[in-house]
Amino acid sequence: LTHLSTQFNSTGDSSKYGMPPEAHSAKYLEAYCKSVQNPTAFWQELGHLLDWDRPWDQVLDNSQPPFTKWYVGGYLNACYNAIDRHILAGRGDNVALIHDSPLTNVVRKVTYRELYEQVVQLAGGLAKMGVTKGDRVVIYMPLIPETIIAMLAIVRLGAIHSVVFGGFAARELCSRIEHVEPKLVIAANAGVEPGRVVPYLDILHSAINMSRWKPPQRNIIFMREQVALHQLDDQADLRWDSVLAMSDPSQPVACVPIEANEPFYILYTSGTTDKPKGVLRTIGGHLVTLMYTLKMIYGIQPGDTWWAASDMGWVVGHSYICYGPLCLGATSVMYEGKPDRTPDPGQYFRIIDQHKVCSIFSVPTSFRVIRRADPEIKYGKQYSLKSLRAIFIAGEHCDYETKAWIQKTFKVPALNHWWQTETGSAITATCLGFQQNLSPPMYSTGLPLVGYDVKILKKDGTEAAPTELGRIVLKLPLPPGNMATLYKNEELYRKLYFQKFPGYYDTMDAGYKDERGYIFVTARDDDVINVAGHRLSTSSLEDAVLRHPDVVDVAVFGVPEATKGQVPLCLYIPVDNCTKTDAKLSTEIITLIREVVGPIAAFRLITSVKNLPRTRSGKTMRKAMADFARNERVVLPATIDDASVFVEIRRALQHLGYAMTAPDPIVAKLLD
């Protein structure tokens, strides 16, 4: 994995990408320069990380940008690379998955051989039900091993899965069923959250009843009888066990090879405001990238235990709970619980100790929650963290105070990195496998990953100077693993991502690059506040607020102001044991901002709240709050964690003179 041909030895060429050779490891610069200057040779070598039924004819076909193809003519199967080849290599008794569920008091380990047996049985049953290459199958399940078994059984047949996040209500599930038009749906009867059972089966029936598309085959239902009992509808549903029994054990279903650029899966992303978009990813380049990045970014080796604290309904779950670790031959932890209340804030520490976790991928919010619930780590002190090498954070901006707390508490580097659902893996990172400096500049998301030529452009399309804020774009062609298109909407794909800056992929994020080539992602571009002509990022203001020891979380966004055009408005959450009044603490924060940022910020609108609106993946919904403050109609995504917080947000904003006539937000509610 780490070997790269020495025929291309040109670390000095890195200066043209804004990375002086004396500032970075030679190992990284050699790989990076080769990947952007000679991508065919670079990815040719890495393609051999996978087992192919038929080798590719052409590594890179960029004849129709932005529809780049990789490993053209090569045939392979994702399930074979994730399971079969490990068993054939004698590693069948290695643990593939650890399902750790304090919500159900279950810790279950699944070996590669056990995973193979379950997948082959389910694939056999699916084949008997008529699922074949190219068919779509929707999965609506919680974070349990059977979700991954379903994914692997589908791709074993050459079919395409579309996993829908288990927190979605019937209308959201319906919209995805209508768009993807599946042959059938695989679901669990129930999910579980603290203090409540989520009735997946009832939601599924409601979604199909209201859907214009009726799947031609019955639903397959995995019964979690320790969570809830349901009566199946014999006309609409089949038990999971019944489908397994359809398989002929004497004739296990073989893996169906598919071409490297054929569809692998469809994953819907809604961001925080827009209608869902179906990201379509192809198989070959994506699996190569996942194997390579799991080792080179996260430092994971075959046999290591790795924990991506996410859900199968998000891209992190696809990339780094399922396909990445399994193709590599590692052990993947599936944690069905919360950071702080299932049953206590010591769970992250327990999981590291009990399962000997080497590296973690999580969102900063999880650690803020632990810090708020147990600042003295009374629950976590009893556990050993010796196995842990690093913690990787992404999904939202990580302030310095949170990062410093993570490093002090867990005693390993906390490494920020940046990627999107559309890219499928990191764009920038600090990589363990490249022997990079593990103390990158404060607030940086790291250096560009191999294959990514990252530019910062001004509105007129010219390149920004070092440290100058602009739009972050990626020069084409994009490396393997990125989305191939938007499902059933190539026109939107072209317009949304490639029209504004021809020749580049528009990340729609704002940021800058420093003199050494480090990338700083400051905010979504619409989170930049223009105060009397001065552009300020919300993240820089939030970082300054979080320097105050009595503040545990914060959101800053722009609101209209007659003289300056826009000014920042700050809602913050005090620490639980804070004894200061709102007025006193707010005054101290205003003084702090004037000292750190200066009077240019016009920072005066500030008050405390108990909670902030976030998506289930931990992203703060700044734009929704900004629109609400402007009395605009706000449509909240179904991924919002708790829509009721807007009652308090309204009170706080009206206290500051905003949202005086704002209508109540409209939300596709998560399950009650």
Side-chain angles (χ1 to χ4, degrees), residues 270-274 365 396-397 399 508-510 522-546 551-574 582-583 585-587 589-590 593-594 597 599-615 618-669:
S270 57
T272 54
T273 55
D274 297 329
T365 294
E396 59 170 336
H397 174 73
D399 59 280
M508 291 171 264
D509 281 331
T522 58
R524 293 298 289 181
D525 202 38
D526 54 12
D527 285 336
V528 174
I529 304 170
N530 196 321
V531 181
H534 301 286
R535 300 185 78 212
L536 302 172
S537 77
T538 56
S539 59
S540 63
L541 294 170
E542 290 172 0
D543 286 331
V545 173
L546 285 163
V551 176
V552 73
D553 209 349
V554 63
V556 175
F557 48 90
V559 293
E561 198 271 341
T563 304
K564 301 183 186 307
Q566 267 189 319
V567 291
L569 188 150
C570 172
L571 302 178
Y572 66 91
I573 301 175
D582 183 278
L585 183 51
S586 295
T587 300
I589 294 170
I590 291 171
I593 292 294
R594 290 184 67 88
V597 180
I600 191 176
F603 193 92
R604 288 182 292 275
L605 298 172
I606 179 171
T607 191
S608 66
V609 292
K610 292 181 180 178
N611 288 291
L612 292 167
R614 299 187 188 279
T615 64
K619 295 180 181 178
T620 305
M621 302 176 67
R622 297 182 190 85
K623 188 176 187 304
M625 288 187 284
D627 290 345
F628 192 56
R630 291 193 292 267
N631 299 308
E632 295 181 6
R633 178 176 177 267
V634 175
V635 179
L636 300 172
T639 50
I640 186 170
D641 189 39
D642 181 6
S644 69
V645 301
F646 269 88
V647 174
E648 185 189 14
I649 298 300
R650 179 190 292 278
R651 176 201 60 76
L653 292 174
Q654 289 184 344
H655 172 68
L656 299 172
Y658 288 86
M660 303 305 289
T661 61
D664 289 336
I666 298 170
V667 57
K669 290 185 179 179

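This one's a predicted model, so the numbers in the text were calculated from it and none came from an experiment. Numbering starts at 1 and runs along the sequence shown.
The shortest heavy-atom contact between Ala624 and Val634 is O-CG2, 3.7 Å. Heavy atoms only, all atoms of each residue included: Val556 and Arg622 are closest at O-CD, 3.4 Å. Across all their heavy atoms, Ala626 and Gly558 have their closest contact at CB-O, 3.7 Å. Scanning both residues, Leu636 and Met621, for their nearest heavy atoms gives CD2-CE, 3.8 Å. Scanning all heavy atoms of the two residues, the minimum distance from Asn631 to Ala662 falls at OD1-N, 3.1 Å.
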With side-chain contact (heavy atoms from CB on, under 4.5 Å) as the test, would you mind laying out the steps for Thr620 and Glu542 before giving the verdict? CA-CA 12 Å; Thr620 305; Glu542 290 172 0; 5.7 Å; no
Stepwise, does the side-chain contact (heavy atoms from CB on, under 4.5 Å) test hold for Arg633 with Ile666? CA-CA 8 Å; Arg633 178 176 177 267; Ile666 298 170; 3.1 Å; yes
Do Thr587 and Ile590 pass the side-chain contact (heavy atoms from CB on, under 4.5 Å) test, and can you show the C-alpha distance, the side-chain angles, and the key distance before you say yes or no? CA-CA 5 Å; Thr587 300; Ile590 291 171; 5.5 Å; no
Stepwise salt bridge (charged side-chain N to carboxylate O under 4.0 Å, His left out) check, Glu561 with Arg604: CA-CA 12 Å; Glu561 198 271 341; Arg604 288 182 292 275; 5.7 Å; no
Start with the C-alpha gap between Ile573 and Val609, add the side-chain angles, then the distance that decides, and say whether side-chain contact (heavy atoms from CB on, under 4.5 Å) holds. CA-CA 5 Å; Ile573 301 175; Val609 292; 4.1 Å; yes
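How far SG of Cys570 is from CD1 of Ile593: 7.0 Å, rounded to the nearest 0.5 Å. Rounded to the nearest 0.5 Å, atoms CZ (Phe603) and CD1 (Ile529) are 9.0 Å apart. Atom CG of residue Leu653 and atom CZ of residue Phe557 lie 5.0 Å apart, to the nearest 0.5 angstrom. Taken from CD1 in Ile640 to NZ in Lys619, the straight-line distance is 14.5 Å, to the nearest 0.5 Å. Residue Leu612 holds its CG atom at 9.5 Å from CZ of Phe646, rounded to the nearest 0.5 Å. To the nearest 0.5 angstrom, Ile589 atom CD1 is 8.5 Å from Ser608 atom OG.
A heavy-atom distance below 4.5 Å is found between the side chains of Pro574 and Leu585. Val554 is not listed as a side-chain neighbour of Leu571, based on a closest heavy-atom distance of 4.5 Å or more.
A donor-acceptor contact closer than 3.5 angstrom is absent between the side chains of Tyr572 and Thr607.
Using a cut-off of 4.0 Å between Lys/Arg side-chain N and Asp/Glu carboxylate O, Asp664 and Arg650 are scored as salt-bridged. For Glu632 and Lys623, the salt-bridge test fails: no basic side-chain N is under 4.0 Å from an acidic carboxylate O.
More than 12 heavy atoms of other residues, nucleotides or ligands shown are found within 6.0 angstrom of CZ on Arg630.
Judged by distance alone, with hydrogens and angles left aside, the side-chain atoms of Asp641 form no donor-acceptor pair with the main-chain N or O of Pro613 at under 3.5 Å. A donor-acceptor pair under 3.5 Å is absent between the side-chain atoms of Thr522 and the main chain of Ser539, judged by distance alone. Without hydrogens or angle criteria, Asp399 side chain to Leu546 main chain gives no donor-acceptor distance under 3.5 Å.
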